[in-house]
Amino acid sequence: MPELPEVETIVRDLRPALVGRRLGPMRKSTRSLRSPWKRSWRRHLRGACVRSIERRGKWIIISLDSEVCLLVHLGMTGQLRVMPASEPVAPHTHLIFHLDGGRAHLRFRDVRRFGQATVIETRSLAAFFDRTRLGPEPFKLDASYWDQTLGATRRSLKAVLLDQSVVAGIGNIYADEALFEARLHPARSACRLTAAERGRLRQVLPKVLNRAIEGRGSTIRDYVDGAGQVGGYQNEFRAYGRTGEPCQRCARPIRRVRLAGRSTHYCPGCQNLRPATHARVNAEFGE
DNA sequence: ATGCAGTCCTGTAAGC
DNA sequence: TGCTTACAGGACTGCA
C-alpha cells in the first residue's frame, strides 16, 4: 500500500528517468479508475515536455511545459514505472505514455483500481489540494498547528494520523509504526495527550518516514518502485504485521485490534493507556 | 462531532 | 480438489 515513503521513492526514481523527456502518444485501457478520464486531456499531454516531478502527500505531480500537471494517486495497488517499450504489458495496465518516439514507456498499472490519474492546469494546483483539504507535510509540522489540531478533537490517534486533512501522506502502516515509536496507544484520544506526548508524536513522524524512505519503502504485496523493484523497509517494521511476535522493547506480544476501521498493531506493554483516565478503553482492550 | 458501515476493486488465502 | 467466503485498505458517502 503506497504511503508517503513509497510515493517519495517512486518520485525520486522517476525524476531522472522522466524530467526533460517528451510525452508521445498515449494509450488508455477501457476500464475506469477512481475518476473518469476526460477526452480533452490527451491533447494537453501529447508532445509536452516533463518539467518536474514532485510529491504532495500520497500524490505524484508530473508538471509539463504545456502548463498542465498529470496527477497520479496510487491508491492501494498502483504502480507507475518507466520501462522499455519491449517489455510485455502486464495485466491491469491502464495508461501507457510513449517516450522517446516509442522506445520507452511510462506505464500506470493498478490491479484494484483504487488509484486515480487526473490532469489539471498548473495554475489550479493549489486549489486542487485545497479542495481535497490536504493537510501539511509531516516533516516540518508547525508545533502550534499540531497542538491546536490535536487539542481540538476527541478522535483516536489512529484516526487522526490516517486523516489526510490533519497531516498528509500517512496510511495504516506508518500510523502504527509512528505510534509504536512514540509509545502511544492508538486508541488514545488526541485531545487528552500531554504537551510532551504531542511533541513526541510530532517528532517521531519524520523519523519513521525518513527511515522508510532510506529503506526504499515497504512492499507488502504489490508495491514496486519506479524501476519495478520491491522495497526493503517491510523487514524493519516493529509493530505493523507483527501480531503475536515479542515487542522489540519489552518482549510482550504485539496485539492486533480493529480501530478506525483498520487493522491496528501495537504493544500493550509499552504503548500504555493510562488506567485512571482511560478505564473504559482499557477494559475494551482487556488491559 | 465522531465513529461506523458500506462503497469501489480484485488477488490471495483460509475454511468447509 | 474445488468451491465459497473473508480479508487487505485509501478515500469518500451516508447514517446514527
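Residue numbers start from 1 in every chain, and the chains themselves are labelled A, B, ... in the order their sequence lines are given, proteins ahead of strands.
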For a quick check of understanding: with a heavy-atom distance under 4.0 Å over all strands, which category does [X] fall into, base, sugar-phosphate or nothing?
X         : answer
Arg31(A)  : sugar-phosphate
Tyr240(A) : sugar-phosphate
Arg262(A) : base

Sequence neighbours left out, cut at 3.5 Å: what donor-acceptor pairs do the side chains of residues 28-36 of chain A make with other protein atoms?
unit_1: Ser29(A); atom_1: OG; unit_2: Arg31(A); atom_2: N; d: 3.4
unit_1: Ser29(A); atom_1: OG; unit_2: His94(A); atom_2: ND1; d: 3.1
unit_1: Ser35(A); atom_1: OG; unit_2: Gln116(A); atom_2: NE2; d: 3.4

Just to verify, what does Arg123(A) make a side chain to side chain donor-acceptor pair (under 3.5 Å) with, not counting sequence neighbours?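 For Arg123(A), the residues satisfying side chain to side chain donor-acceptor pair (under 3.5 Å) (neighbours in sequence not counted) are Glu121(A).
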Can you name the side chain to side chain donor-acceptor pair (under 3.5 Å) partners of Lys58(A), sequence neighbours left out?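 Lys58(A): no side chain to side chain donor-acceptor pair (under 3.5 Å) contacts found.
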Going 5' to 3' along DNA chain C, between which two nucleotides do contacts with chain A fall, using a heavy-atom cut-off of 4.0 Å?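 So the contact region on DNA chain C extends dA8(C) to dC12(C).
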Take the C1' atoms of the five end pairs on each side of the helix from dT2(B)-dA16(C) to dC16(B)-dG2(C), derive the two axes, and give their angle rounded to 10 degrees.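 The angle, to the nearest 10 degrees, is 60°.
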Kindly state which residues belonging to residues 151-171 of chain A come within less than 4.0 angstrom of DNA chain B, counting heavy atoms of the residue only, listed by number.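 Output list: Thr153(A), Arg154(A), Arg155(A), Ser156(A).
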Using the test ring pair (Phe, Tyr, Trp, His ring centres under 6.0 Å), find all partners of [X] that sit at least two apart in sequence or belong to another chain.
X         : value
Tyr240(A) : Phe237(A), His265(A)
Trp41(A)  : Trp37(A)
His98(A)  : His105(A)

Look at the rings of Tyr266(A) and His185(A) and say which category their plane angle falls in: under 30° parallel, 30 to 60° tilted, over 60° perpendicular.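 Tilted, since the angle between the ring planes falls between 30° and 60°.
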Cut-off 3.5 Å, no hydrogens considered: what does the side-chain donor-acceptor table look like for residues 205-212 of chain A, sequence neighbours left out?
unit_1: Asn210(A); atom_1: ND2; unit_2: Pro206(A); atom_2: O; d: 3.1
unit_1: Arg211(A); atom_1: NE; unit_2: Tyr233(A); atom_2: OH; d: 3.4
unit_1: Arg211(A); atom_1: NH2; unit_2: Glu181(A); atom_2: OE1; d: 3.1

Applying salt bridge (Lys or Arg N to Asp or Glu O under 4.0 Å) as the test, list every pair that has at least one member in residues 156-165 of chain A; sequence neighbours left out.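 The answer is Arg155(A)-Asp163(A), Lys158(A)-Asp176(A).
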Can any side-chain N or O of Gln271(A) pair as donor or acceptor with the backbone N or O of Leu179(A) at less than 3.5 Å?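 Between the backbone of Leu179(A) and the side chain of Gln271(A) there is a qualifying donor-acceptor contact (under 3.5 Å).
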Would you confirm whether Arg249(A), through its side chain, and Phe180(A), through its main-chain N or O, come within 3.5 Å as a donor-acceptor pair?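 Answer holds: yes.
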Set out, in order, the CA-CA distance, both residues' side-chain angles and the distance that settles side chain to side chain contact (heavy atoms under 4.5 Å, CB included) for Leu106(A) and Arg21(A), then state yes or no. CA-CA 11 Å; Leu106(A) 171 66; Arg21(A) 289 173 94 171; over 6 Å; no
Pick the closest DNA chain C nucleotide for Arg112(A) and for Trp59(A) by heavy atoms, then say which residue is nearer the 5' end.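 Per heavy-atom nearest nucleotide, the more 5' residue is Arg112(A).
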Among Arg216(A), Arg55(A), Arg15(A), whose salt bridge (Lys or Arg N to Asp or Glu O under 4.0 Å) with Glu8(A) holds?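 When salt bridge (Lys or Arg N to Asp or Glu O under 4.0 Å) is applied between Glu8(A) and each of Arg216(A), Arg55(A), Arg15(A), only Arg55(A) qualifies.
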So which one's nearest nucleotide on DNA chain B is more toward 5', Phe114(A) or His92(A)?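 So the residue in question is Phe114(A).
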Shoot me the first and last contacting nucleotide of DNA chain B against chain A, ordered 5' to 3', at under 4.0 angstrom to non-hydrogen atoms.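 Nucleotide range with atoms under 4.0 Å of chain A: dT2(B) to dG11(B).
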